Q: 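Okay, here's the structure, questions in a sec.
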Amino acid sequence: MNNSRAQLAEKILSLKKERNAVILAHNYQLGEVQDIADFVGDSLELSQNAARTSADAIVFCGVHFMAETASILCPDKIVLLPVMEAGCPMANMIRAEDLRKMKKEHPGAVVVCYVNTTAEVKAESDICCTSANAVRLVQRLEAREIIFVPDQYLGHYVSTKTGKKMILWPGYCPTHVRIQAEDIHRLRKMYPRAEVMVHPECRPEVVAIADFVLSTGGMIRHAKSSQAAEIIVGTEIGMIYRLRKENPDKVFIPISEQAVCPNMKMITLENILWSMEDMSPQVKVAENIRLKAKKAVDRMIEVG
Ligand code: SF4
């Protein structure tokens, strides 16, 4: 970090104390943002942290649905999202009215929503899940029919792992679909001893040829415990920063340099500072939606 970046980071840390704020950052955030965060993790870890914190304000370095989840869990805290426009295109692929229509077509179905959904969609769901706990959670459901929204690829993966028939919404992550099976074949030739780990938001043909299918939190843990010296990684490129930082003795090779989530990269040290100075923009979920959405999120956190 050069001098001006270091000064900026220092300003953020001192303002953080003044505001009694906690900074949470997703694994896909820019390296310099990860470096100043109190906690870096995947969606599940971040929501668990948001639920536990005693800070007055949460600065969420991630995308809109993550800040909404923090607001759902901590209604009396201020939740800052430094850039309001940082959204998740996958989460925006389904609206509450789409889900209501789907529920009418499948009465009695249990609705599982990926955490990458708006608060309104969560409010229409029975249980929320993340890529870390989706298989475990669906496995335990006793339901004749399961509706899974919005990620068709995560849903497909969960359905193959659990053997359960699921009704899938055709959403997808525009970043993870850039990861191609041909790239894995090419890299395997270059690094024949490397392990391949991919995120379950990847296409089924990518997931099918990987050695490990893991959430970003799972990737962090696996990278530490693995005996492999080289690991090929299929997820958003921001993960590579943390993997390299925490495992300097190992080599991490991204499957695709194109797997960049532009929304995750909107948060910078500058806008974190501005947002803490102004205590804006804030994300606050309306109470009637929050109470319904909280039931789905609480059920997820109970399962862990
Ligand atoms: S990486 Fe994909 S799923 Fe994650 S925030 Fe970006 S668009 Fe959404």
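In each ligand, atom 1 is the first atom listed, and ligand 1 is the first ligand listed. This one's a predicted model, so the numbers in the text were calculated from it and none came from an experiment. When a residue number appears, it is its place in the shown sequence, counting from 1.
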Q: Would you list the protein N, O or S atoms within less than 2.8 Å of atom 6 (Fe) of ligand 1, leaving out water?
A: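 Those protein N, O or S atoms (cut-off: under 2.8 Å from atom 6 (Fe) of ligand 1) are C261 SG.
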Q: For the pair D211 and R188, find out whether any cationic side-chain nitrogen is under 4.0 Å from an anionic carboxylate oxygen.
A: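 Salt bridge: yes.
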Q: Please determine whether a side-chain nitrogen of the Lys or Arg among E236 and K265 lies less than 4.0 Å from a carboxylate oxygen of the Asp or Glu.
A: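 A salt bridge links E236 with K265.
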Q: Taking the six-membered ring for Trp, are Y153 and H176 closer than 6.0 Å centroid to centroid?
A: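 Judged by ring-centre distance (under 6.0 Å), Y153 and H176 do not meet the cut-off.
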Q: Can you tell me if E201 has a non-hydrogen atom under 4.0 Å from ligand 1?
A: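 Right, E201 reaches ligand 1.
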Q: Which atoms from ligand 1 have a heavy atom of N116 less than 4.0 Å away?
A: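 Those of ligand 1 that fall under 4.0 Å from N116 are 3 (S).
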Q: Are there more than 12 heavy atoms of other residues, nucleotides or ligands under 6.0 Å from atom OH of Y172?
A: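 Counting other residues, nucleotides and ligands, OH of Y172 stays at 12 neighbours or fewer.
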Q: Salt-bridge test for R95 and D98: reply yes if a basic N is under 4.0 Å from a carboxylate O, no otherwise.
A: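 Salt bridge: yes.
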Q: Would E45 and R221 pass as an ion pair if we require N to O under 4.0 Å?
A: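 Salt bridge between E45 and R221, a charged N being under 4.0 Å from a carboxylate O: yes.
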Q: State whether the number of non-hydrogen atoms from other residues, nucleotides or ligands found under 6.0 Å of K164 atom NZ is greater than 12.
A: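 Yes, NZ of K164 has more than 12 neighbouring heavy atoms, counting only those of other groups under 6.0 Å.
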